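Order of the sequence lines fixes the chain letters, A, B, ..., with proteins taken first and strands second; residue numbering starts at 1 for each chain. Since the structure is predicted, the reported quantities are computational estimates derived from the model, not experimental observations.
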Amino acid sequence: MAGDTGHTAHAPFTSRALEIIRAIPRGKVSSYGQVAAMAGHPGSARQVVRILHTLSDSAHLPWHRVINILGGISLPEGGGLELQKRLLESEGVKVSKDGRIDLDRHAWSPR
DNA sequence: GCCATGGCTAGTA
DNA sequence: GCCATGGCTAGTA
């Protein structure tokens, strides 16, 4: 297609959300709502969920760095929870026994 | 129609 | 717990 950059074409919000997710550094986490707000659509957290769900495999995303606003992992047991926890811990993010991440310590606040 | 949310409320302790 | 929210996409015509 004309103008194709070599990347899959995405809608503007999706492209921005993808960039933001890719920018989350190791050892830090963000929330669905934070990514949505940074992409210019506060309140569209569920859209970020959908993006992660459908594009994590193909888009080279650090998907495990996105958690819910409570500091918890939203993936279900047997459906990725364990993997996400393991990936986070491998980057130095401690996940407590009740599945919580210390946001004071690990929340990403870009500058 | 999808989706791995988030914010608010009722109802308990 | 409940349920309103919302940009996008698959799939049909």
Which part of the nucleic acid, if any, lies within contact of A/Thr54, taking any heavy atom under 4.0 Å across all strands shown: a base, the sugar-phosphate backbone alone, or nothing?
-> nothing

Using a heavy-atom cut-off of under 4.0 Å over every strand shown, decide if A/Ser56 touches base, sugar-phosphate, or nothing.
-> base

Does some side-chain heavy atom of A/Val49 sit less than 4.5 Å from a side-chain heavy atom of A/Val66?
-> no

Atom pair NE2/CD1 of A/His106 and A/Ile67 - distance to nearest 0.5 Å = 9.5 Å

Got a second to check how far A/Leu81's CG is from A/Ile73's CD1, nearest 0.5 Å?
-> 5.0 Å

dist A/Ile101:CD1 -> A/Ser31:OG (nearest 0.5 Å) comes out at 11.5 Å

Looking for any heavy atom pair under 4.0 Å, which part of the strands does A/Phe13 touch: base, sugar-phosphate only, or nothing?
-> sugar-phosphate

Note, A/Lys94 side chain near A/Arg105 side chain (heavy atom, < 4.5 Å) | no

Heavy-atom closest pair, residues A/Tyr32 and A/Leu52 | CE2-CD1, 3.5 Å

Bounded by its outermost nucleotides with an atom under 4.0 Å from a heavy atom of chain A, the footprint on DNA chain B reads B/dC2 to B/dG7

Do A/Arg22 and A/Leu61 come close enough that some side-chain heavy atom pair is under 4.5 Å?
-> yes

Got a minute to check which stems DNA chain C is part of, using Watson-Crick or G-U wobble pairs under 3.5 Å, three or more consecutive?
-> B:1-3 with C:6-8, B:5-8 with C:1-4

Result for 5'-nearest mapping on DNA chain B, choosing between A/Gln47 and A/Gln34, is A/Gln47

Want to settle it: does A/Gly43 or A/His10 sit nearer the 5' end of DNA chain C, counting the closest nucleotide to each?
-> A/Gly43

How would you label the contact of A/Ile69 with the nucleic acid (heavy atoms, under 4.0 Å): base, sugar-phosphate, or nothing?
-> sugar-phosphate

Short side-chain to backbone donor-acceptor contact, A/Gln34 and A/Trp108, under 3.5 Å = yes

